[in-house]
Every structure is written in structure tokens, then in C-alpha cells.
There are 2 protein chains.
Amino acid sequence: MAVSRTEQILNSAEQQCRKQGVRMTPQRKQVMSLMLEQGGPQTAYQLLDQFKARYQSNAQPPTMYRALDFLVQQGLAHRLSSTNQYLACDHITCQHGHRGTVFLLCDQCGGVQETPMAGAAVDELQQTLDEVGFVIQREPLLEVHGRCVDCAAS
Amino acid sequence: MAVSRTEQILNSAEQQCRKQGVRMTPQRKQVMSLMLEQGGPQTAYQLLDQFKARYQSNAQPPTMYRALDFLVQQGLAHRLSSTNQYLACDHITCQHGHRGTVFLLCDQCGGVQETPMAGAAVDELQQTLDEVGFVIQREPLLEVHGRCVDCAAS
DNA sequence: CCTTGTTTTGTTATGTTATAACATTACCCA
DNA sequence: TGGGTAATGTTATAACATAACAAAACAAGG
Ligand SMILES: [Zn+2]
Ligand SMILES: [Zn+2]
Ligand SMILES: [Zn+2]
Ligand SMILES: [Zn+2]
């Protein structure tokens with residue numbers, strides 16, 4: 001292919017940012033591409049090490065956390081709070097708005113699979129919220145821990 | 001009432017531990033009662049401060065983390081990974097096994113409401129897991145951020 | 001252009017959360 | 001009552017995250 005998947009997603013991400021009136025600076029783009037190339041989830045400090053090795057040897061933690069906060073805010077990346085890790089959203093190029101996302105985290109190999117929360121579950125959750133008058137602020141993320149199919153077999 | 005709610009739950013918790021063949025030691029019981037009396041979610045270090053003030057002035061972080069790990073393992077407490085907080089399970093005395101739990105976390109007042117995950121959502125999740133062959137290891141916790149009914153009004 | 005307010009980045013320092021490692025004590029059971 | 005296991009004590013440090021302020025880059029109106 002002429003255009004790599006990474007480039008393709010970066011372009012899409014850049015467009016989304018323009019549409020939102022926010023800036024996809026070079027630094028933010030570099031962090032995003034590190035996440036895309038690794039594929040799996042990584043901690044902020046792992047990403048920082050790569051960023052230093054590759055782009056800016058004297059970078060400090062705030063640099064990475066700022067970039068990550070931005071990308072998470074824009075829905076381009078996710079933070080997995082149960083493992084203190086970050087990863088690129090796996091659904092940037094497809095459109096389905098995030099109304100809820102499920103992450104299947106393999107505790108053995110460290111892999112993550114991202115899937116949209118199914119419709120009925122979202123509706124049911126909304127009903128629960130309505131009953132108690134709770135007003136949601138961020139997209140709900142469900143982090144499910146276990147073994148992926150490969151690791152479960154072994 | 002002759003027996004306080006805290007005592008009642010502590011007794012129930014003690015029974016559950018006996019049934020599981022694990023020990024509800026005085027230290028663990030003390031931590032549990034601190035959580036029950038506070039009611040809301042607290043960080044490990046907040047609990048440690050209270051524990052030092054009330055039970056053991058020279059206690060160190062591992063003491064608290066060990067007790068918390070135990071209580072979470074036994075299903076007597078929960079860890080909210082999105083806020084690094086711990087709280088007593090709100091469903092110790094009722095029986096319904098935890099197949100999934102939803103926490104509504106108010107970002108304004110800090111309050112938390114715990115509800116069992118509704119049936120259809122659990123089934124749907126199980127279906128997703130079956131499709132990809134993922135084997136679950138811990139009860140899934142969904143941490144939903146927003147505003148509780150009181151805070152949403154103001 | 002220039003200047004002025006805003007956003008982003010740089011930099012230092014520190015705060016917060018959690019665990020490793022090993023010593024000691026308590027507990028259980030044969 | 002000895003010997004193994006589980007729990008606790010203790011010191012040190014690792015891992016995760018942010019406060020605070022300075023400097024630079026950017027955008028937009030004059
Ligand atoms: Zn996503
Ligand atoms: Zn795996
Ligand atoms: Zn519970
Ligand atoms: Zn509230």
C-alpha cells in the first residue's frame with residue numbers, strides 16, 4: 001500500500017482536530033504515531049522513553065502527560081485506568097460515535113481488544129442513570145480482565 | 001437499634017471469610033470498619049492516616065495495601081481504579097452474587113452509588129466474550145463519571 | 001508589519017500511589 | 001512442642017502524575 005495504516009489514521013486524526021478547532025501539533029502527532037506503531041497499550045513513561053529516543057532526548061514527564069491528555073480528550077486515544085496505560089483508539093477511521101467502549105485486557109500477554117459497547121447495554125445503563133438522575137460526563141469505559149483466546153488455550 | 005449497621009456488616013463479612021477459609025484478622029477488621037464508617041470512597045493513604053490515628057500510630061503503607069488487597073479479593077471492598085480509591089461493598093449483606101457492578105461517581109461531590117450490572121448487559125457482555133474466546137478473571141466494574149442528581153441541579 | 005492575548009512547550013521540583021525485599025511474629029496442625 | 005504457613009513489621013524505593021512558573025510559538029486585529 002502507498003499509504004501506511006499509521007499515516008492514514010494520523011491524517012484522519014488531523015482532520016478531526018481541525019474540525020474541532022484544536023491543534024494537532026507536531027509533538028502531539030509524534031506521540032500519536034508512537035502509540036499507533038506500538039499497537040498495544042503502554043504506560044506514559046514507556047511512551048516517554050520512546051519519545052526521548054526518537055524525537056526529543058530531553059523531554060520530561062509533563063510533555064508526555066500533556067500530549068496524552070490532549071489525545072484522550074479528543075477521543076484519539078484511551079486511558080486504561082486499571083493498568084495505568086494508554087493506547088490509540090482502534091476506531092478512529094470508522095465513524096460509530098463512542099457511546100461506551102469495552103476493553104478486553106489479557107493479563108497474561110498484555111494485549112487489549114477494543115469493542116463498542118453493545119446497544120442494549122448502553123440503553124440499560126442510560127435507564128439506570130435516568131432512574132437516579134445521574135448525568136454522565138465522559139464516555140463509559142469497561143475494562144474487563146482475563147485471558148485472551150490464545151493465552152486461555154495454553 | 002441494638003446493633004449498628006457497621007457491626008452488622010462486619011459480622012456478615014466475618015462469616016463470609018470463615019466460609020472461605022480465610023482469616024478476618026483484627027487489623028483487616030479495623031480497616032473494614034474505617035471504610036464502613038466513612039461510607040464514601042477513600043484513598044489508601046487517607047485510610048492509612050485514619051488507621052494511624054485510631055489504631056496504630058506507626059503503621060506503614062504496606063500494612064494498608066495488604067489489608068485492602070485482602071478485602072477486595074474477598075469481595076468485601078472495591079477498588080475504583082479511575083480515582084485510586086477504595087470503598088466497602090454496598091451489597092455485603094444482600095446475597096445477589098456480583099456478576100458485574102456499576103459505580104456512579106459524582107465528580108463534584110465525590111459521592112459514589114453502587115448498583116448491580118443489569119441482566120441484559122451482563123448477558124450481552126458474555127456473548128461478546130464468547131465470540132472472541134475471552135475468559136474473564138475478575139468481576140467487571142464499570143466506573144461511570146458524571147454528576148449525581150443533587151449536584152446536577154445546582 | 002507589530003503588538004497583544006492565548007495556547008503550547010520547556011523546565012524544575014515535588015506530590016501521590018504502590019510495591020520489593022527481608023525480618024519478625026502469630027497461627028495452625030500434626 | 002516443633003515446624004510449616006500465613007500475617008505483620010520495617011525500610012527503602014519504584015512507578016505514576018501534577019504544580020508552578022518561564023519561555024516560545026501562534027493567531028488575529030490594528
Ligand atoms: Zn476507541
Ligand atoms: Zn493473551
Ligand atoms: Zn459490591
Ligand atoms: Zn454529587
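This is a predicted model, so every value here is computed, not measured.
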Specify the separation, in whole Å, of atom CG of B/Leu48 and atom P of C/dT19. 14 Å
Could you go step by step and tell me if B/Tyr86 and B/Leu71 meet the side-chain contact (heavy atoms from CB on, under 4.5 Å) rule? CA-CA 10 Å; B/Tyr86 300 82; B/Leu71 295 169; over 6 Å; no
A/Lys52: salt bridge (charged side-chain N to carboxylate O under 4.0 Å, His left out) partners, not counting sequence neighbours: none
Under the salt bridge (charged side-chain N to carboxylate O under 4.0 Å, His left out) test, residues paired with A/Arg138 that sit two or more places apart: none
List the steps, then state whether side-chain contact (heavy atoms from CB on, under 4.5 Å) holds for B/Arg28 with B/Val22. CA-CA 11 Å; B/Arg28 290 164 175 173; B/Val22 297; 5.7 Å; no
So, OP1 or OP2 of C/dG10: does either fall under 4.0 Å of a side-chain N or O from A/Thr63? yes
Could you check which residues of residues 26-39 of chain A get a heavy atom under 4.0 Å from DNA chain D? Sort them by number, please. none
Between C/dA20 (P) and B/Gln60 (CD): distance, integer Å: 17 Å
Once you round it to whole Å, what is the distance between P of C/dT16 and CE of B/Met64? 17 Å
By salt bridge (charged side-chain N to carboxylate O under 4.0 Å, His left out), which residues pair with A/Glu139, not counting sequence neighbours? none
Please list all pairs meeting side chain to side chain donor-acceptor pair (under 3.5 Å) that have one or both residues in residues 16-27 of chain A, counting only residues at least two apart or in different chains. none
Positive for side chain to side chain contact (heavy atoms under 4.5 Å, CB included) with B/Val31, one of B/Leu76, B/Leu48, B/Leu68: B/Leu68
How would nucleotides 17-24 of chain D be written as a contact map, 5' to 3', with B for base contact, S for sugar-phosphate-only contact and - for no contact, using protein heavy atoms under 4.0 Å? BBBB----
Taking C-beta and beyond as the side chain, do A/Leu87 and A/Phe103 meet within less than 4.5 Å on heavy atoms? yes
Residues 66-80 of chain A vs salt bridge (Lys or Arg N to Asp or Glu O under 4.0 Å), sequence neighbours excluded, gives none
So, is B/Thr25 close to the D/dT8 phosphate, meaning a side-chain N or O under 4.0 Å from OP1 or OP2? yes
Nearest-angstrom distance from the residue atom CD of B/Gln46 to P of C/dA18: 12 Å
Those residues at least two apart in sequence (or on a different chain) that pass side chain to side chain contact (heavy atoms under 4.5 Å, CB included) with A/Gln50 are A/Leu34, A/Gln42
Would you list the atom pairs, donor with acceptor, under 3.5 Å between side chains in residues 107-123 of chain A and any protein atom, with sequence neighbours excluded?
residue  : atom : partner  : partner atom : Å
A/Asp107 : OD1  : A/His145 : ND1          : 2.7
A/Gln108 : OE1  : A/Arg147 : NE           : 3.3
A/Gln108 : OE1  : A/Arg147 : NH1          : 2.7
A/Glu114 : OE1  : A/Asp90  : N            : 3.0
A/Glu114 : OE2  : A/His78  : NE2          : 3.1
A/Glu114 : OE2  : A/His98  : NE2          : 3.4

Can you give one letter per nucleotide of nucleotides 24-30 of chain C, going 5' to 3': B for a protein heavy atom under 4.0 Å from the base, S for sugar-phosphate only, - for none? ---S---
What integer distance in Å separates A/Asp49:CG from D/dC16:C1'? 13 Å
Counting only heavy atoms and a strict 4.0 angstrom limit, can you tell me which residues of residues 52-59 of chain A come near DNA chain D? none
Donor-acceptor pairs under 3.5 angstrom involving side-chain atoms of residues 128-136 of chain A: please list them, not counting sequence neighbours.
residue  : atom : partner  : partner atom : Å
A/Thr128 : OG1  : A/Glu124 : O            : 3.2
A/Asp130 : OD1  : A/Gln126 : NE2          : 3.0

Whole-Å distance separating the CG atom of B/Leu80 from the P atom of C/dT17: 13 Å
Check step by step if side-chain contact (heavy atoms from CB on, under 4.5 Å) holds for B/Gln85 and B/Glu143. CA-CA 12 Å; B/Gln85 288 176 315; B/Glu143 303 176 28; over 6 Å; no
Can you tell me the distance, in whole Å, between the CD atom of A/Gln85 and the P atom of D/dA15? 14 Å
More than 12 non-hydrogen atoms from neighbouring residues, nucleotides or ligands closer than 6.0 Å to CD on A/Gln56, yes or no? yes
CD of B/Gln42 versus P of C/dT16: gap in Å, rounded? 16 Å
